[in-house]
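Note sheet for the following structure.
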Amino acid sequence: MRNGHSSAVDQTGVPVYRGSQAARGSSLVGNSSITTDSRQSLDESREHHNHGKVVYSNDNEDSGQFTKFKSRRSLPWYQSRELQVVGAITLLSLIVRLWAIDYPTSVVFDEVHFGGFASKYIRNSFFMDVHPPLAKMLIALTGWLFGLNPSFDFKEIGMDYIEPKVPYVPMRLMCGLMGVAIVPMAFYTVRNSGHSIHAATLAALLVLFENSLVTQSRLILLDSPLILFTAFTVLAWVNFHNQRNNAFSDDWFIWLFLTGVGLGLSGSVKWVGLFIIATIGTSTINQLWNLWGDLKISPRSWLNHFIARAVCLIVVPVAVYMLMFEIHFLILHNGGDGDGFMSAPFQMTLGHSLQDSPLSVAFGATVSIRHQGTKGGYLHSHVSVYETGSKQQQITLYPHKDTNNDWIIQKKDGTVPEGLEYIQHGDIIRLMHVSTNKRLHSHDHKPPMTEDENHFEVSGYGYKDFAGDANDEWRVEIVESNDEESGKFLHTLNTKFKLVHTNMNCDLFSHKVKLPKWAFEQQEVTCMRSAVLAKTTWVIESNIHANYPEDAPMVNYKKPGFLGKFLELNKVMWETNAGLVESHPYDSRPSSWPLLKRGISFWGKEQKHIYLVGNPVTWFMSTAAIVIYIAIRGLLFLRDKRGYNDDFNGLREYYELSGGFFFVAWAFHYFPFYLMDRQLFLHHYLPALYFAILLLSVTFDLACRFIPNRARLVALVLIASIAIYSFRVRAPLTYGSEWIRSECEASKVLTTWDYDCNQYPDNYAQYAANAAAKVAPIEGTTGAEEPAAIVDSFERDTDLQEQQAVSEGDGVIDAGAAGAAGAAAAAVAEQEAEDAQITDPAVSKMAQDGEIEPTFDFEVPVEDDEVSENDKNDA
């Protein structure tokens, strides 16, 4: 990074980066022969005289050169001005990022999830999350090293950290230090892209004093690791490109390999990391295209370039990504609350055992029946009854193995033959629930959630000595089989079948609609006419009968290997992520992000508040830099069409290439969100903001290109001072510190910023008064009683809803609850439309592709809501 030379052109169409140049005049390929012979040219070539004394000269500059001057005497590395600047900024970043990081002393925002995941890693308990595992494993590792007790589950916002001795400070420090490392990376990315130390310093300072980045890096969240690995990848790519004239050298290979590692690490934190892969991929294609047009490079040499990039930028990232999942699987080898998202074969790798079952199914067998159209689980019942409709016993889908999933298959008349009589396609059966002796039943009542006219309630019905009635009768229709025999006879695992109600002429059906709390939020089961086939398909998973012969053929699931588990989990993650479409009080759309129209409420207590909002100075200037870049490129494009040649002696190409790379990176990290229907929040824009800041620094360098160094320094200090002041004004929202109402109101630049200033006192003295009231108990009360705190509505972003963990703790309002009630009716209506058998080809395909499973943590233990022989009753 300190090779003493700089190039003003880029033969491959990406930013100009600094690197050793062996043969300056003949090494560049393209439409320009612009050269620069010293590292200081971009810093000091604006000024030729200093009070009459010539510092450097470009008198010998010709039309093919941009700048040329005499180098100053080189200094030892430890005396480098650049290193001193970076050291000072990094030290300042440590202070800004880590100041009072121990506050709040309770669970904040998505610490509910990512702290909870750390506990599950330590317990080796499997869970499902929509994000890849790397950052979560780093958080868990930190917690484990500092003695995190896995019994602390981070279940609710506001849970105290102090009394249970949770090592939350080291866990936050890990994320905070990653946030610190982003600052010098921003500096070196701009600096090594060929820009002045002033521009690099501006980029670092704006990243340092960005409120949103500081807020995210002070909590146990994933955004700091994501942005760190993204920034590292770009920096490695910059340094690789600096070695373009030393192709296949050690440094060339090292930086190319590190770029691939960075791509893998970025994608292993969040799938947003795929956007940096698109950025580097686009630049790589451009490189290879320009190399192909270079007649000095032989086809064999070009092929070597291609292979090296393919291995380092495709194979290495995929290997890193898969390695993270291998570690994830090795740690989470026990079953947990994420089991229900996965298939039965997958669950068998989590400590769940399924005994071999006889292949053929006979009348009188005790079976468990799994739904194939969703991952809701097993056909299930318990003693609790519906609070609507017939008020008979509930029939649901339950995702965990349980004795209340067991059913006895009877003949049409409710009897069981003495000998073995195997069930065939078209047989009419009854299903008797083992634990409650109720039969699977349907009738002309509306189900509790779905009010479509084609849906009917399914219940458990019957009583002692009651032989049942015609509404207990179901016809077995085999719809798919693995072999010819399984197509005639009902077989365990190998036969997929429907159960058709003989009286109502409807199919036993389930979909991803959850029942109310009085039904333990399990999945609804109905009987539906004209239903989508996939959601009426069932399979026998276990099959027990006392009279089966000992030599009966046995079947079981085949345990998947790593690749099978890897592909299945990523598919479930994709479907779950795409299914997060419900509204949220603090969600926002991409069109509002560049203008910072609203933030996200994180936490509020004791008249203090943490609210994610950006630094408006940085935010608006970076957005302006994007607009300016687009406008200038558009204007020059139009002039080019009219035949003008606006080269500006090489300046145009230099800044177009450098700024263009950061613009493309910003675009790849921003525009894809317009294609997403899922919940989106302001924090999704932070990686794009990082590149917008880098582009802003390039714009600054361009604007100050021909002014004296002192004037540039004044401009740098002025912009940085304004940004720092703006950061300080809104620091109480970043740190959750004391504030007063008047200052809060004055801090609102936009009326759409919806943090509540009424929660703050009118003066700072009130904080001391409140603290004194806590220490001195009021007469007639105990010392533990405290004045009521002003509690804000704590909103959690998409990551909270991605797990749908219920958080209704002491003094804390669950963020998801605010929008859940209003979205429920719309979700059911939309579900009904999708469940209907439709004829439109496009809509039919969407329906057949299956619905998206919303993520949630199962709050109810496996059998807490059940009644079985062990007298387990309500949850």
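Please read all numbers here as calculations on a predicted model, not as lab measurements.
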- Query: Looking at CG of L332 and NZ of K120, how far apart are the two atoms once the value is rounded to the nearest 0.5 Å?
  - Reply: 10.0 Å
- What side-chain hydrogen bond (donor to acceptor under 3.5 Å, both in side chains) pairs are there with at least one residue in residues 167-177, not counting sequence neighbours? E111-R172
- Minimal heavy-atom distance between P317 and C312, with the atoms involved, is CD-O, 3.3 Å
- Query: Who pairs with D754 by salt bridge (Lys or Arg N to Asp or Glu O under 4.0 Å), at least two apart in sequence or on another chain?
  - Reply: R598
- Between F602 and V108, the two heavy atoms sitting closest are O-CG1, 4.2 Å
- Task: Could you check F329, F114, F127 and say which one makes a ring-ring contact (aromatic ring centres under 6.0 Å, His included) with Y121?
- Result: F127
- Under 6.0 Å from the CH2 atom of W753, do we count more than 12 heavy atoms belonging to anything else shown? yes
- Which pair of heavy atoms, one from S622 and one from A692, lies closest together, and at what distance? CB-CB, 3.7 Å
- Task: Classify the ring geometry between H684 and F681 as parallel (under 30°), tilted (30 to 60°) or perpendicular (over 60°).
- Result: tilted
- Item | Nearest heavy-atom neighbours spanning N211 and A731 | ND2-N, 4.1 Å
- Task: Identify the residue among W666, W619, Y674, F673 that makes a ring-ring contact (aromatic ring centres under 6.0 Å, His included) with W593.
- Result: F673
- Message: Would you call the rings of H669 and F275 parallel, tilted or perpendicular, taking 30° and 60° as the class edges?
- Response: perpendicular
- Message: Quick one, T142 and I139 - any side-chain contact, counting heavy atoms below 4.5 Å?
- Response: no
Exercise answer: donor-acceptor pairs, residues 719-729 side-chain atoms, under 3.5 Å, sequence neighbours excluded:
residue: S721; atom: OG; partner: V717; partner atom: O; Å: 2.6
residue: S726; atom: OG; partner: N615; partner atom: OD1; Å: 2.8
residue: S726; atom: OG; partner: R730; partner atom: NH1; Å: 3.0

